[in-house]
Amino acid sequence: MTVSLIAPPTTVIDDDVIVKFDHVNKFYGSMHVLNDICLEVKKNEALVIIGPSGSGKSTLLRSINHLEKINSGHIYVNGRMIGYYEKNGRLYEDNEKNIAVQRASIGMVFQRFNLFPHLTAIENIMEAPLNVLKLSRENATAEAERLLQRVGLSEKRDSYPNQLSGGQQQRIAIARALAMKPGLMLFDEPTSALDPEMIGEVLDVMKELAHEMTMIVVSHEMGFARAVADRMIFVDEGRIIEYSTPEELYTHPREARTKEFLSKILH
């Protein structure tokens with residue numbers, strides 16, 4: 001499929017840059033959902049994205065693994081364009097097989113847990129390593145048991161999703177993503193579907209993961225962001241309004257729109 005993109009000039013990307021947005025735009029009809037996004041995320045950095053509902057946060061995140069297709073600009077993951085390839089000076093959308101290979105190195109945890117209801121906790125974690133990484137059942141089982149221990153759910157190995165709380169299901173979803181050994185983890189508001197008392201157990205797991213890999217998180221959990229993020233971006237109406245450390249953003253926001261937003265959510 002030909003897309004309305006001219007191939008970019010040769011782009012030099014530092015080895016420590018894991019994700020790069022280069023003037024990315026995305027439209028839903030006449031709605032400009034991502035507006036000239038330029039952004040770099042470095043190796044083992046924790047980036048937290050905040051902003052009001054409908055601001056483009058989740059679209060930005062989902063475009064990193066081509067779950068959302070962009071209209072112009074370029075996104076690179078590990079130095080390679082995601083979702084497209086160049087031929088004769090033009091860009092073409094890659095085939096699903098090649099995109100799936102790229103996605104295999106990117107873990108993603110959604111708002112909803114998306115566990116397979118007919119599989120136990122350990123079977124959910126083993127599924128992709130067995131079928132995608134082609135691990136032996138012995139090795140896949142050992143790795144799944146290690147990850148169950150890591151997320152504090154060893155005793156739930158044989159439980160089905162409907163026997164688990166929301167927080168437990170989300171921790172299994174995190175373990176399932178980690179089983180693919182990604183260098184990059186994306187979290188799309190992973191606690192928004194949880195009851196308040198379950199949020200902490202998921203955030204605790206995420207805090208332990210921070211800086212072991214590159215992590216990009218869309219979240220309204222401001223305390224978590226302050227504790228974990230190296231940098232934060234505030235997004236509104238498809239634009240990056242502000243980009244700084246948590247301390248600078250919380251205590252000395254530069255933009256009036258950022259101040260207005262923070263005044264409503266920080267107590």
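- Using a distance-only test at 3.5 Å, with no hydrogens or angles considered, no donor-acceptor pair links the side chain of E242 to the main chain of L249.
- Side chains of S72 and N25: a donor-acceptor N/O pair is present below 3.5 angstrom, by distance only.
- For Q169 (side chain) and R112 (main-chain N/O), no donor-acceptor pair under 3.5 Å exists by modelled atom type.
- Side-chain contact check for E197 versus I199: every heavy-atom pair is 4.5 Å or farther apart.
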Dump the intermediate steps for side chain to side chain contact (heavy atoms under 4.5 Å, CB included) on V77 and Q102, then the final yes or no.
CA-CA 8 Å; V77 178; Q102 287 182 288; 5.8 Å; no
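- The one candidate from K69, R80, R103 that meets the salt bridge (charged side-chain N to carboxylate O under 4.0 Å, His left out) condition with D94 is R80.
- Taking the side chain as every heavy atom from C-beta outward, Q111 and S58 approach each other to under 4.5 Å.
- Using a 4.0 Å cut-off between charged side-chain N and carboxylate O, K181 and E143 make a salt bridge.
- Remark: the backbone N or O of L34 is paired with a side-chain donor or acceptor of H32 at under 3.5 angstrom.
- For the side-chain contact (heavy atoms from CB on, under 4.5 Å) with L47, the qualifying choice from V228, V19, I233 is I233, the only one to do so.
- A heavy-atom distance below 4.5 Å is found between the side chains of T141 and R157.
- Using a 4.5 Å cut-off on side-chain heavy atoms (C-beta onward), F234 and R257 make contact.
- Side-chain atoms of R171 come within 3.5 Å of backbone atoms of V151 as a donor-acceptor pair (strictly under, hydrogens ignored).
- For the residue pair N131 / E127, a side-chain donor-acceptor distance below 3.5 Å is found, with atom types taken as modelled.
- No side-chain donor-acceptor contact under 3.5 Å links E208 to the backbone of L203.
- Inter-residue side-chain proximity for I64 and I82 is flagged as unmet; no heavy-atom pair is nearer than 4.5 Å.
- Listed here is the closest heavy atom pair of E40 and R231: O-NH2, 2.9 Å.
- Considering I18, L178, L184 in turn, L178 is the only one that fulfils the side-chain contact (heavy atoms from CB on, under 4.5 Å) rule with M213.
- Under the 3.5 Å distance criterion, the side-chain polar atoms of R176 are left unmatched by any main-chain donor or acceptor of N124.
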Check the pair V202 / V109 against side chain to side chain contact (heavy atoms under 4.5 Å, CB included), numbers first and verdict last.
CA-CA 11 Å; V202 174; V109 178; over 6 Å; no
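- Using a distance-only test at 3.5 Å, with no hydrogens or angles considered, a donor-acceptor pair links the side chain of K57 to the main chain of G51.
- For N95 (side chain) and K97 (main-chain N/O), a donor-acceptor pair under 3.5 Å exists by modelled atom type.
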Between I50 and F261, does a side chain to side chain contact (heavy atoms under 4.5 Å, CB included) hold up when you go through it step by step?
CA-CA 10 Å; I50 63 170; F261 176 78; 4.0 Å; yes
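- Between the side chain of Y243 and the main chain of L39, no donor-acceptor pair closer than 3.5 Å is present.
- Put simply, the side chain of F21 reaches to within 4.5 Å of the side chain of L60, judged on heavy atoms.
- D230 contributes a side-chain N or O that, together with a main-chain N or O of A46, makes up a donor-acceptor pair within less than 3.5 Å.
- Counting heavy atoms from C-beta on, the side chains of Y28 and E68 come closer than 4.5 Å.
- Between H74 and Y76, the ring planes are tilted. Angles from 30° to 60° get that label.
- Residues Q168 and E201 approach most closely at N-OE2, 3.3 Å, considering heavy atoms.
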